[in-house]
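Naming convention: chains lettered A, B, ... in sequence-line order (proteins, then strands); numbering from 1 in each chain.
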Number of protein chains: 2
Amino acid sequence: MKERSVYKLQPTLEEAYNLLEEDLSKKRFIIVVGLCRVEYAGRASSKLDWGERVLLIKQDGSLLLHRPKGFEAVNWQPPGSIFTLKQEDEYLLIKSYRKEYRETLNIAFKEIMLLASIKLEDEAEFEMHLSEDEMYESITLNPDLLEPGFRILSQQRRLDAGVVDFTGYDSLGRYTIIEVKRKTVDVKAVKQAYKYLTEFRSKGASVRGIIAAPAITTEASRLAASLELEFKKVDLSRCRIAYKRHMKNSLLGAADESNHKPNL
Amino acid sequence: MKERSVYKLQPTLEEAYNLLEEDLSKKRFIIVVGLCRVEYAGRASSKLDWGERVLLIKQDGSLLLHRPKGFEAVNWQPPGSIFTLKQEDEYLLIKSYRKEYRETLNIAFKEIMLLASIKLEDEAEFEMHLSEDEMYESITLNPDLLEPGFRILSQQRRLDAGVVDFTGYDSLGRYTIIEVKRKTVDVKAVKQAYKYLTEFRSKGASVRGIIAAPAITTEASRLAASLELEFKKVDLSRCRIAYKRHMKNSLLGAADESNHKPNL
DNA sequence: CCGTGGATCTCGTGA
DNA sequence: TCACGAGGTCCACGG
């Protein structure tokens with residue numbers, strides 16, 4: 001462990017103060033579990049009375065305070081905030097200040113059950129698949145995912161009403177515009193697609209309109225039908241396969257790069 | 001501490017397995033610091049190779065995995081997800097499954113530096129001031145915050161295009177609709193407000209349109225001007241004062257209720 | 001259950 | 001730096 005980590009159970013507030021001071025300057029990942037009270041002021045303001053919580057302070061100056069329940073942190077500070085420590089009466093005060101919004105977060109600890117600080121190493125690259133971009137990409141590479149025989153004319157074509165994802169001809173040669181959504185289509189998405197369709201038709205074009213997505217809500221489906229917009233179910237796992245096949249092939253072409261490792 | 005918490009430094013994976021099994025069944029707040037690899041599949045899918053991270057598992061089944069940097073968790077699971085443990089080869093596998101979206105999150109630990117689990121108690125109520133609701137409330141209580149002499153006719157009135165925050169008459173007796181935003185108005189907000197205005201005017205009414213907010217972007221300002229929508233700057237601190245005054249007064253009137261405490 | 005809008009949203013991208 | 005749009009957004013509230 002060689003100085004990389006410090007753990008302390010039930011430290012006194014003074015011990016905690018001294019440890020935290022070093023942790024913050026050494027920019028370690030800090031975990032504090034204890035009884036605290038919180039005040040926030042900035043874009044809004046909040047108060048939270050005494051309770052047992054888990055505080056995370058990261059090496060980049062981000063802060064998260066978690067209550068025993070719920071996905072979201074109850075109070076936080078994004079990266080880059082500045083910390084100051086104070087010992088006051090019976091409390092250990094951790095103050096965090098964020099310049100951009102002039103936001104302050106004050107946490108007063110009355111009792112600390114655990115203080116841990118560690119220098120963490122994590123250079124891995126986070127790979128997210130099937131973002132909206134990649135869904136488009138997989139369709140571009142394989143328009144049959146939309147409809148057998150579909151030929152793409154344009155992508156991300158700008159209109160007055162916005163940007164339409166695809167235009168092209170279907171297997172019967174009909175001019176078609178396609179709006180792609182990665183997730184369940186709601187009425188909002190249908191209305192947007194209808195705007196595009198209207199814009200084309202107002203220019204006198206005979207256009208077929210398609211919304212392509214993995215799913216659609218019942219109400220959106222009803223609206224789409226009444227607007228003569230077709231819904232096409234797109235299978236995400238098929239997109240995934242098409243995309244991976246593409247990545248693999250393009251990686252083969254750039255195999256030299258795939259062997260690179262960071263120097264660290 | 002009486003069984004309330006368990007801390008273990010550098011546990012073997014087998015020790016960790018046994019401890020985690022009990023922690024999960026006892027629904028303790030769990031903190032794991034260690035070297036892990038992550039895979040997620042559900043609405044999207046992601047992969048994260050080996051690295052040192054901090055895992056939080058809460059008593060309500062929410063999960064957060066944090067890297068050494070950044071505000072956001074790299075992977076997560078909202079409350080209610082279900083966990084299973086497995087020991088496989090050299091790894092301790094923590095699986096989390098979320099029914100709603102059929103999402104799975106698999107975390108494989110190769111080494112654990114710290115395992116802590118605690119039964120946390122936190123019954124405090126989180127008080128947030130100056131949410132959008134409270135901004136409305138303060139304006140309702142004191143319409144002069146918008147414009148001296150303004151009289152409110154309706155609040156949150158439903159239209160086809162959405163819900164308009166206020167309608168009423170200004171000091172000159174002109175029928176006016178008001179859209180309130182708690183933060184900087186952007187073009188999107190202006191367009192929305194314009195929809196409301198259009199709906200009223202399409203019914204033949206002569207209507208004045210106002211957007212009230214603490215600030216407006218330059219472009220939104222330009223758009224508002226061209227659409228004949230007025231921007232009214234609302235001072236948040238004045239809202240705050242008005243709101244607090246109201247809360248104080250209403251608390252005086254409901255003093256008996258303020259003494260209630262939950263039975264727990 | 002779906003649908004809508006807000007958030008101390010955060011975070012990227014582009015002008 | 002500002003403005004705008006996306007997010008595995010999450011979350012609360014309405015119908």
Completion exercise
On DNA chain D, more 5' by nearest nucleotide between B/P79 and B/T218 is B/T218
Problem - Face-on cation placement of B/K203 at B/F200 ring, 6.0 Å and 45° thresholds - result: yes
Practice task
Look at all strands and tell whether B/V187 reaches a base, only sugar-phosphate, or nothing, counting heavy atoms closer than 4.0 Å.
Solution key: sugar-phosphate
Completion exercise
Comparing A/A220 with B/Y136, nearest DNA chain C nucleotide closer to 5' gives the residue A/A220
Problem - C1' spacing across the pair C/dG6 / C/dT10, given as an integer number of angstrom - result: 14 Å
Handout entry: Donor/acceptor link under 3.5 angstrom from A/E219 side chain onto base of D/dG15
Key = no
Exercise for the section: Look at all strands and tell whether B/Q77 reaches a base, only sugar-phosphate, or nothing, counting heavy atoms closer than 4.0 Å. Expected result: base
Completion exercise
Ranking C/dT8, D/dC4, D/dG8 by distance to the side chain of A/W76, first place goes to C/dT8
Problem - Cationic N near anionic O, under 4.0 Å, B/K181 to B/E179 - result: yes
Handout entry: Under 3.5 Å: donor-acceptor pair, side chain of A/D165, backbone of A/V180
Key = yes
Practice task
Supply the atom-to-atom distance B/R28 CZ to B/L20 CG, rounded to the nearest 0.5 angstrom.
Solution key: 10.5 Å
Problem - Length of the line joining B/K181:NZ and C/dA7:P, which is rounded to integer Å - result: 9 Å
Exercise for the section: State, to 0.1 Å, how close A/L146 and A/I178 come at their nearest heavy-atom pair, and which atoms those are. Expected result: CD1-CD1, 3.4 Å
Problem - Nearest-nucleotide pick for A/N75, side chain only, options being D/dG8, C/dT8, C/dT10 - result: C/dT8
Problem - Side-chain donor/acceptor of A/D186 to base of C/dT4, under 3.5 Å - result: no
Practice task
Scan A/R102 against the nucleic acid and name what it touches under 4.0 Å (heavy atoms): base, sugar-phosphate only, or nothing.
Solution key: nothing
Exercise for the section: Would you kindly give the CZ-to-P distance between B/R222 and C/dA15, to the nearest whole Å? Expected result: 16 Å
Handout entry: Candidate nucleotides C/dC2, D/dC10, C/dT8, ranked by approach to the side chain of B/R98 - the nearest
Key = D/dC10
Completion exercise
DNA chain C nearest-nucleotide lookup for A/T184 and B/V180: closer to the 5′ end is A/T184
Problem - Length of the CD1-P vector between B/I107 and D/dG8, whole Å - result: 17 Å
Practice task
Would you kindly give the CG-to-P distance between B/L130 and C/dA7, to the nearest whole Å?
Solution key: 11 Å
Problem - Between C/dG6 (C1') and B/R182 (CZ): distance, integer Å - result: 9 Å
Problem - Side-chain donor-acceptor contact under 3.5 Å, A/Y97 with A/E103 - result: no
Exercise for the section: For A/V74, answer base if it contacts any base atom (sugar-phosphate contacts may also be present), sugar-phosphate if it contacts only those atoms, and nothing otherwise; contact means non-hydrogen atoms under 4.0 Å. Expected result: base
Practice task
Using atom OH of B/Y101 as one end and atom P of C/dC2 as the other, report the distance to the nearest whole Å.
Solution key: 9 Å
Fill in the blank from the handout: Among D/dC4, D/dC10, C/dT8, the one nearest any side-chain atom of A/F71 is D/dC10
Exercise for the section: Mind checking B/S45 for me? I need base, sugar-phosphate or nothing, with any heavy atom below 4.0 Å counting as a touch. Expected result: nothing
Exercise for the section: Find the distance B/K188:NZ to D/dA6:P and express it as a whole number of Å. Expected result: 7 Å
Exercise for the section: With heavy atoms under 4.0 Å as the rule, sort A/F126 into base, sugar-phosphate or nothing. Expected result: nothing
Handout entry: C/dT4 to C/dT8 separation - P atoms, rounded to the nearest Å
Key = 23 Å
Problem - Spacing between A/E103 atom CD and C/dT8 atom P, to the nearest angstrom - result: 10 Å
Practice task
Please work out if B/Y40 contacts a base, only the sugar-phosphate, or nothing of the nucleic acid, heavy-atom cut-off 4.0 Å.
Solution key: base
Exercise for the section: Could you tell me whether the side chains of B/Q155 and B/Y136 share a donor-acceptor contact shorter than 3.5 Å? Expected result: no
Practice task
When you get a sec, tell me which of D/dC4, D/dC10, C/dT10 is the closest nucleotide to the side chain of A/R43?
Solution key: C/dT10
Fill in the blank from the handout: Closest to the side chain of A/E72, out of D/dG8, C/dT8, D/dC10, is D/dC10
